[in-house]
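Please read these numbers as outputs of a predicted model, since none were measured by experiment. Positions are given from 1, in the same order as the sequence printed here.
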Amino acid sequence: MKTLFRILIVLSFLAIIFFYSSNSNNNYEPLEGPNSSSPIIPKSENDLEILQEALPRPEQGVSTLIGNNSKVLLEQYGEPKRIDASAYGYEWWVYNDHPGQFIMFAVDEEVITQVYTSGPSIDISPYKIGQSLSDIYRMTIISSEVVAKINDNIYTFTMSEDDMNTRILTKFDDIFAQLYIDSEQGILSGIRYTDSKSLVMLRPYEMSFVGELLSPPNPTSYLIEESNKASAYQLHDLLNEFRFQNNIPSIENDQEVSTLAMQHSEDMYSQSYLSHESPTKGSLKDRLDEVNILYKDAEENIATAYNDSIEAVHGWLNSSAHREYMMDNRFTHVGSGVFINYYTHIFIQKPEEEEKEQIE
């Protein structure tokens with residue numbers, strides 16, 4: 001009887017260890033975004049309820065620029081730091097000169113169609129970066145279904161319960177706002193204002209429609225290559241903006257590590273997997289060692305099924321394990337790589353000079 005009792009104690013102890021270790025591992029699963037499972041559902045006119053209450057369009061702030069000619073940006077902001085290609089056919093004009101003032105404008109045929117910012121000093125009326133989720137709910141008309149109308153076509157976006165707490169979609173007359181919430185702090189960490197056409201092309205939520213389904217243009221191989229590079233730059237920009245928001249020093253881009261990150265994104269895409277372990281190139285350590293990158297510590301964030309870098313980085317920010325690496329001030333350098341819709345961040349803590357000799 002005593003022997004049986006001891007066996008039960010041992011088995012219980014092992015079960016507890018397994019429970020906590022398996023939960024710890026699951027905490028750091030690769031991140032798969034909502035666009036992997038967001039269906040597009042055609043509907044008949046009989047299913048429609050197109051009357052929807054909307055807030056009046058803001059009279060001040062960056063949302064007022066949507067629909068204007070891009071010349072307005074040159075007058076108000078000057079020349080952009082970069083003009084990034086997008087696989088959706090528009091360009092991102094990127095202004096990232098000053099921490100806390102990061103802002104991007106989507107320009108399609110010289111017309112401003114979107115604006116994204118996470119800059120606390122940018123006027124995003126009627127909201128503010130850092131505003132609490134409870135405050136947003138008090139001042140905003142929020143429904144789980146939001147309707148966009150383009151000519152005779154009707155598009156209905158349905159938010160999940162998670163969307164209602166992390167990326168809220170709301171309507172202001174003829175434009176829309178995506179409110180990106182930092183779920184750990186319960187505050188607004190970024191916002192995207194967009195016109196109807198861009199929202200329908202991006203399809204960031206489950207969408208049903210009546211009429212014609214608008215689709216983005218088929219990108220050329222050159223545009224895909226350029227948009228991959230642009231998305232990688234944006235991963236780095238956004239990472240440093242969120243480190244700034246959390247009073248953490250900026251992290252430096254490492255081109256050699258970025259090349260490795262891009263290669264892993266391409267490898268995941270071409271071989272249809274999502275893992276830190278490549279079937280052909282091995283673990284992160286194997287990949288770093290293969291190209292002789294010296295490091296004291298290294299970690300990796302990966303994701304897929306996000307529309308763009310904005311969505312991917314906000315997804316990482318709201319995952320505790322991924323967020324931990326983003327906000328870890330031990331890491332001195334980062335490599336950012338994107339291929340189609342596979343995203344990779346490799347964080348590196350570089351060794352001091354005396355440590356390099358030991359590693360070598």
Side-chain angles (χ1 to χ4, degrees), residues 24-39 84-88 167 202-204 216 218-239 242 251 253-293 295 297-326 328 331 333-348:
S24 174
N25 289 336
N26 288 336
N27 229 3
Y28 191 55
E29 289 296 318
L31 204 59
E32 192 163 3
N35 293 103
S36 63
S37 57
S38 296
D84 289 348
S86 163
Y88 291 92
R167 49 180 203 134
L202 286 167
R203 303 170 195 166
N218 291 323
T220 63
S221 57
Y222 173 77
L223 181 57
I224 290 173
E225 182 179 355
E226 291 301 301
S227 64
N228 288 341
K229 292 177 185 175
S231 296
Y233 294 144
Q234 292 165 21
L235 287 185
H236 183 236
D237 286 334
L238 289 160
L239 171 63
F242 293 130
I251 188 168
N253 178 66
D254 185 295
Q255 190 53 54
E256 193 175 13
V257 180
S258 289
T259 298
L260 197 67
M262 189 281 292
Q263 289 171 348
H264 188 60
S265 290
E266 183 175 6
D267 191 52
M268 288 190 292
Y269 174 83
S270 61
Q271 300 198 59
S272 299
Y273 73 92
L274 181 65
S275 173
H276 300 284
E277 189 84 19
S278 166
T280 55
K281 298 178 181 178
S283 67
L284 173 59
K285 181 182 184 303
D286 294 329
R287 288 178 271 131
L288 288 166
D289 291 345
E290 176 68 24
V291 292
N292 299 314
I293 293 176
Y295 61 95
D297 194 9
E299 295 293 351
E300 181 177 60
N301 281 346
I302 57 175
T304 191
Y306 286 97
N307 291 323
D308 55 22
S309 293
I310 295 170
E311 297 262 326
V313 175
H314 278 283
W316 281 332
L317 190 70
N318 283 333
S319 168
S320 58
H322 298 84
R323 181 193 185 99
E324 182 180 344
Y325 297 144
M326 293 171 67
D328 194 331
F331 295 120
H333 294 75
V334 67
S336 308
V338 178
F339 193 85
I340 312 296
N341 66 341
Y342 282 79
Y343 303 84
T344 302
H345 251 163
I346 298 175
F347 299 89
I348 297 290

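- Enclosure of atom OH in Tyr233 is not indicated, since only 12 or fewer non-hydrogen atoms of other residues, nucleotides or ligands lie within 6.0 angstrom.
- Between Ser309 atom OG and Leu239 atom CG the span is 11.5 Å, to the nearest 0.5 Å.
- Minimum heavy-atom separation, Ala87 to Ser227: N-CB, 3.5 Å.
- Tyr295 and Ile348 get closest at one heavy-atom pair: CB-CG2, 3.8 Å.
- Contact annotation: the side chain of Thr304 never approaches that of Tyr269 to less than 4.5 Å [non-hydrogen atoms, C-beta and beyond].
- Between Tyr325 and His345 the shortest side-chain heavy-atom distance does not fall below 4.5 Å.
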### Message
Pair Thr344, Met268 - check side chain to side chain contact (heavy atoms under 4.5 Å, CB included), show working.
### Response
CA-CA 10 Å; Thr344 302; Met268 288 190 292; 3.6 Å; yes

### Message
Show, in sequence, the C-alpha distance, side-chain angles and deciding distance for Leu238 and Trp316, and conclude whether the side chain to side chain contact (heavy atoms under 4.5 Å, CB included) test is met.
### Response
CA-CA 11 Å; Leu238 289 160; Trp316 281 332; over 6 Å; no

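- Residue Val257 comes nearest to Val334 through the heavy atom pair CG1-C, 4.5 Å, listed as atom of the first residue, atom of the second, then distance.
- Counting heavy atoms from C-beta outward, Tyr88 and Asn307 have side chains that approach closer than 4.5 Å.
- Side-chain N or O atoms of Asp328 include none that pairs as donor or acceptor with a backbone N or O of Glu324 at under 3.5 Å.
- Judged purely by distance below 3.5 Å, without hydrogens or angles, the side chains of Tyr343 and Asn301 never pair a donor atom with an acceptor atom.
- To the nearest 0.5 Å, the span separating OG on Ser231 from CG on Asp237 amounts to 11.5 Å.
- The closest side-chain donor-acceptor pair between Asn253 and Ser336, if any, does not fall under 3.5 angstrom.
- Asn228 is not listed as a side-chain neighbour of Met262, based on a closest heavy-atom distance of 4.5 Å or more.
- Distance check, rounded to the nearest 0.5 Å: CD1 of Ile302 to CD of Glu32 gives 10.5 Å.
- Here the CD atom belonging to Gln271 is positioned 13.0 Å from the CG atom belonging to Leu274, to the nearest 0.5 angstrom.
- A salt bridge does not link Arg287 with Glu290: every distance from a Lys NZ or Arg NE/NH1/NH2 to an Asp or Glu carboxylate oxygen is 4.0 Å or more.
- For the pair His236 (side chain) and Ile251 (backbone), a donor-acceptor distance under 3.5 Å is present.
- Side-chain contact between Arg167 and Glu311: present, with at least one pair of heavy atoms (C-beta onward) separated by less than 4.5 Å.
- Shown here for Ala261 and Gly335, the closest heavy-atom pair between the two residues is CB-O, 3.7 Å.
- In the model, Ser283 has a side-chain atom that pairs as donor or acceptor with a side-chain atom of Asp286 under 3.5 Å.
- Atom NZ of residue Lys281 and atom OG of residue Ser278 lie 6.5 Å apart, to the nearest 0.5 angstrom.
- Between His314 and Phe242, the ring planes are perpendicular. Angles over 60° get that label, and only those under 30° would be called parallel.
- Considering every non-hydrogen atom in both Phe339 and Ser265, the closest pair reads N-CB, 3.6 Å.
- Contact of the Val313 side chain with the Met326 side chain is registered, since non-hydrogen atoms from C-beta on lie closer than 4.5 Å.
- Taken to the nearest 0.5 Å, the CG atom of Leu260 stands 5.0 Å off from the CD1 atom of Ile293.
- Closest non-hydrogen pair, Ile340 versus Val338, comes out as O-CG1, 3.8 Å.
- In this structure, Tyr342 has its ring center no closer than 6.0 Å to that of His264.
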